[in-house]
Amino acid sequence: MSTLSEAYSDHPLHLHHIIPLDFDSVRTLPDSHVWDTSDHALESDDRSSIPTVDLTDPDAGKLIGHACETWGVFQVTNHDIPLDLLGEVESEARRLFSLPAGQKLKALRSPGGATGYGIARISPFFNKYMWHEGFTIMGSPMDHAEELWPNDPQRFCDVMEDYQKKMKELAMTLMHLILKSLDISEEEINEVVSSGGASTALQLNSYPFCPDPNRAIGLAPHTDTSLLTILHQSTKNGLQIFKEGVGWVLVSPTYGSLVVNVGDLLHILSNAQFPSVLHRVVMKENQQRLSLAYFYSPPTDFYLSPLPSNSTQIPLYRSVSVRDYIGIKAKNLEKALSLIRI
Ligand SMILES: C=C1C[C@]23C[C@@]1(O)CC[C@H]2[C@@]12CCC[C@@](C)(C(=O)O1)[C@H]2[C@@H]3C(=O)O
Ligand SMILES: O=C(O)CCC(=O)C(=O)O
Ligand SMILES: [Fe+2]
């Protein structure tokens, strides 16, 4: 079976699609980073905000199912991830992105690689660059940590590995609740949600201080490829999700709560009952913003098709392996779901 890293490596990017700008060295926004941002301030003002679910609530499963169906995203509280750990991961991410540009480039993701420092994978689909730098981790980040901190790589690794372990447990708990709410049998759930073979990735995102935030974008609109993504955002605003009939809705950070969003693979598995949510990051504040996104998916050789609880409905998608879907998405981005539609 191939790893998630190999599945991404099969779709190499060009070198100019990897190297982030040296954000500290620019005083004005380069033309390469200027976007049409006319709709960025058009946030819905109808006081609609995404649902929050307390994981200790006996009705959590039902509430999460409803949130996935109506919003494709929710915030979760009482999730059992220690707040100290969230603080430590954020501070390690800050330490990484504060390194001089030349040092960060030592851990640059290779054109055929999936992990390390670089710009967002979706960048080649846009003719302008995003005001963003990222660092992708799949399992142990030791190789890259040694490139960044040859004398002390362990501290970074320990925190990132601990965080990924805790995130995997939370992702599995959430997936059980989500699939139960679809009336899927225990047996079927256990096939999708397996701790051993899961494909997971941790993405550290930094949106540096921007000299002209009103003309830049942090992360262009996209859906995640995963089953689900668990996001911790620092105290800065910027994340917006798109809700049909409402428009762009700001997801303000709430201390200690995590944002969970439906990705394309859950969209397929649920036969579009839980649609993957379109989201983006706009430049709202005059300070650096950080986020940590944990992506949870089944093993790369797992074939996804709409699950049996939906057998009364016509399946909307053909069966596709995680690996093949990653390939389709790498070539077609937002058209990927429509390309596997029956
Ligand atoms: C597992 C992954 C999902 C991701 C591509 C990646 O290999 C690691 C980075 C992830 C990310 C983060 C920013 C947005 C996104 C669309 C991108 O360009 O890189 C996601 C990718 C994804 O969900 O497809
Ligand atoms: O920074 C954020 O709030 C969102 C990040 C994101 O969408 C991603 O990493 O896929
Ligand atoms: Fe995302």
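Atoms considered below: every heavy atom in the structure, side chains included; atoms not considered: hydrogens, waters and symmetry mates. The structure presented is a predicted model; accordingly, all values stated were derived computationally and were not measured.
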| query | What do the steps show when you test Ile342 against Leu316 for side-chain contact (heavy atoms from CB on, under 4.5 Å), and what is the final call? | reply | CA-CA 6 Å; Ile342 294 172; Leu316 298 174; over 6 Å; no
| said: Let me confirm one number: the OG-OH distance from Ser226 to Tyr296, rounded to the nearest 0.5 Å. | reply: 11.5 Å
| task | Kindly say whether Ile314 contributes a backbone atom to a donor-acceptor pair with the side chain of Asn271 at under 3.5 angstrom? | result | yes
| query | Can you check whether Trp248 and Phe242 have ring centres sitting under 6.0 Å from each other? | reply | yes
| request: For residues Met160 and Pro141, report the shortest heavy-atom separation together with the two atoms involved. | output: CB-CG, 4.1 Å
| field | Exceeds 12 heavy-atom contacts within 6.0 angstrom, atom OH of Tyr303 | value | no
| message | If only side-chain N and O atoms count, and only distance matters, is there a donor-acceptor pair under 3.5 Å linking His279 with Asn261? | response | no
| Side-chain donor-acceptor contact under 3.5 Å, Ser276 with Asp264 | yes
| message | Walk me through whether Val192 and Leu269 qualify under side-chain contact (heavy atoms from CB on, under 4.5 Å). | response | CA-CA 9 Å; Val192 180; Leu269 208 60; 3.7 Å; yes
| query | Can you name the closest pair of heavy atoms from Val159 and Leu85 and give their distance? | reply | O-CD1, 4.3 Å
| query | When you look at CG of Asn78, are more than 12 heavy atoms from neighbouring residues, nucleotides or ligands closer to it than 6.0 Å? | reply | yes
| Nearest heavy-atom pair of Leu202 and Gln164: which atoms, and what distance? | CD2-CG, 4.0 Å
| message | Tell me whether Leu29 shares a hydrophobic cluster with Phe209, the cluster being built from Ile, Leu, Val, Met, Phe, Trp, Tyr side chains joined at under 4.5 Å. | response | no
| query | Which atom names give the shortest non-hydrogen contact between Thr200 and Tyr294, and what distance separates them? | reply | CG2-OH, 3.1 Å
| Does Ile119 offer a backbone N or O that forms a donor-acceptor pair with the side chain of Arg109 under 3.5 Å? | yes
| query | How long is the gap from CG on Leu86 to OG on Ser234, to the nearest 0.5 Å? | reply | 12.0 Å
| field | Within-4.5 Å side-chain heavy-atom neighbours: Val322 and Pro299 | value | no
| query | Is there a chain of hydrophobic side chains (I, L, V, M, F, W, Y, each step under 4.5 Å between heavy atoms) that links Ile326 to Phe295? | reply | no
| message | If the test is side chain to side chain contact (heavy atoms under 4.5 Å, CB included), which one of Pro213, Ser206, Pro208 qualifies with Trp131? | response | Pro208
| said: With a 3.5 Å distance limit and no angle check, can you tell me whether Asn332 reaches the backbone of Ile328 through a side-chain donor-acceptor pair? | reply: yes
| Taking side chain as C-beta onward, heavy atoms only, is Ile81 less than 4.5 Å from Leu170? | yes
| query | Any donor-acceptor pair under 3.5 Å linking the side chain of Ser9 with the backbone of Gly113? | reply | no
| Non-hydrogen side-chain atoms of Leu231 and Leu292 separated by less than 4.5 Å | no
| task | To the nearest 0.5 angstrom, please state how far the NZ atom of Lys168 sits from the OH atom of Tyr163. | result | 15.0 Å
| For residues Asp31 and His33, is any side-chain donor paired with an opposing acceptor at under 3.5 Å? | no
| said: When you group the ILVMFWY residues by side-chain heavy-atom contacts below 4.5 Å and let the links chain together, are Leu278 and Leu250 in the same group? | reply: no
| request: Please answer whether the main-chain N or O of Tyr207 pairs with a side-chain N or O of Lys236 as donor and acceptor at a distance below 3.5 Å. | output: no
| query | Any side-chain heavy atom of His144 sitting closer than 4.5 Å to one from Phe156? | reply | no
| field | same_hphob_cluster(Val282, Val34) at 4.5 Å side-chain heavy-atom cutoff | value | no
| message | If you define the side chain from C-beta out and look only at heavy atoms, does anything of Ile268 sit under 4.5 Å from Val320? | response | yes
| His267 ring center near Tyr317 ring center (under 6.0 Å) | yes
| request: Would you please say whether a donor-acceptor pair under 3.5 Å links the side chains of Asp152 and Gln154? | output: no
| task | Would you check if the side chain of Trp35 reaches a backbone N or O of Ala220 as a donor-acceptor pair within less than 3.5 Å? | result | no
| So, do Pro221 and Glu334 sit near enough that their side-chain heavy atoms are less than 4.5 Å apart? | no
| message | Does any part of the side chain of Tyr117, heavy atoms only, come nearer than 4.5 Å to the side chain of Pro20, both counted from C-beta? | response | yes
| query | Does Glu6 pair with Arg323 as a salt bridge, N-O distance under 4.0 Å? | reply | no
| note | Residues Ala336 and Lys329: closest non-hydrogen pair is CB-CA, 3.8 Å
| task | Taking the side chain as every heavy atom from C-beta outward, state whether Pro111 and Ile18 have any pair of such atoms under 4.5 Å apart. | result | yes
| request: State the CZ-CG distance between Phe302 and Leu265, to the nearest 0.5 angstrom. | output: 10.0 Å
| Say you draw a straight line from OG of Ser140 to CG of Asp158; how long is it, rounded to the nearest 0.5 Å? | 9.5 Å
| Without hydrogens or angle criteria, can the side chains of Thr52 and Gln75 be said to hold a donor-acceptor pair below 3.5 Å? | no
| request: Decide side-chain contact (heavy atoms from CB on, under 4.5 Å) for His79 and Leu258; before the verdict, give the C-alpha distance in whole Å, the side-chain angles of both, and the deciding distance to 0.1 Å. | output: CA-CA 8 Å; His79 41 62; Leu258 294 163; 3.6 Å; yes
| Thinking salt bridges, do Arg94 and Glu90 make one under a 4.0 Å N-O criterion? | yes
| task | Can you see which heavy atom on Asp224 is nearest to which on Thr229, and at what distance? | result | OD2-OG1, 2.9 Å
| said: Salt bridge check, Asp212 against Arg215: does any charged N sit closer than 4.0 Å to a carboxylate O? | reply: yes
| said: Donor-acceptor pair, distance only, cut-off 3.5 Å: does the side chain of Thr37 make one with the backbone of His40? | reply: no
| Got a donor-acceptor contact below 3.5 angstrom from the Gln103 side chain to the Leu148 backbone? | yes
| How far apart are the C-alpha atoms of Arg95 and Trp149, what are their side-chain angles, what is the distance that settles it, and do they pass the side-chain contact (heavy atoms from CB on, under 4.5 Å) test? | CA-CA 11 Å; Arg95 188 161 75 96; Trp149 300 284; 3.4 Å; yes
| Sub-3.5 Å donor-acceptor pair from the side chain of Glu285 to the main-chain atoms of Asn237, do we have one? | yes
| task | Using modelled atom types only, decide if a donor and an acceptor are shared between the side chain of Ser270 and the backbone of Leu266 within a distance under 3.5 Å. | result | yes
| query | Same hydrophobic cluster for Val193 and Tyr325, using side-chain heavy-atom links shorter than 4.5 Å among ILVMFWY? | reply | yes
| task | Could you tell me whether the side chains of Asn205 and Ser291 share a donor-acceptor contact shorter than 3.5 Å? | result | yes
| said: If you count heavy atoms of other groups shown closer than 6.0 angstrom to CD of Glu186, is the number above 12? | reply: yes
| query | Which value, rounded to the nearest 0.5 Å, describes the distance between His132 atom NE2 and Ile122 atom CD1? | reply | 8.5 Å
| said: Can you confirm whether His66 is buried at NE2, in the sense that more than 12 heavy atoms of other residues, nucleotides or ligands lie under 6.0 Å from that atom? | reply: no
Give the table of side-chain donor-acceptor pairs shorter than 3.5 Å for residues 171-181, with sequence neighbours excluded, one pair per line with atom names and distance.
from   : atom 1 : to     : atom 2 : distance (Å)
Thr173 : OG1    : Glu169 : O      : 3.0
Ser181 : OG     : Ile178 : O      : 2.7

| Between Thr136 and Gln203, is any side-chain donor less than 3.5 angstrom from a side-chain acceptor? | yes
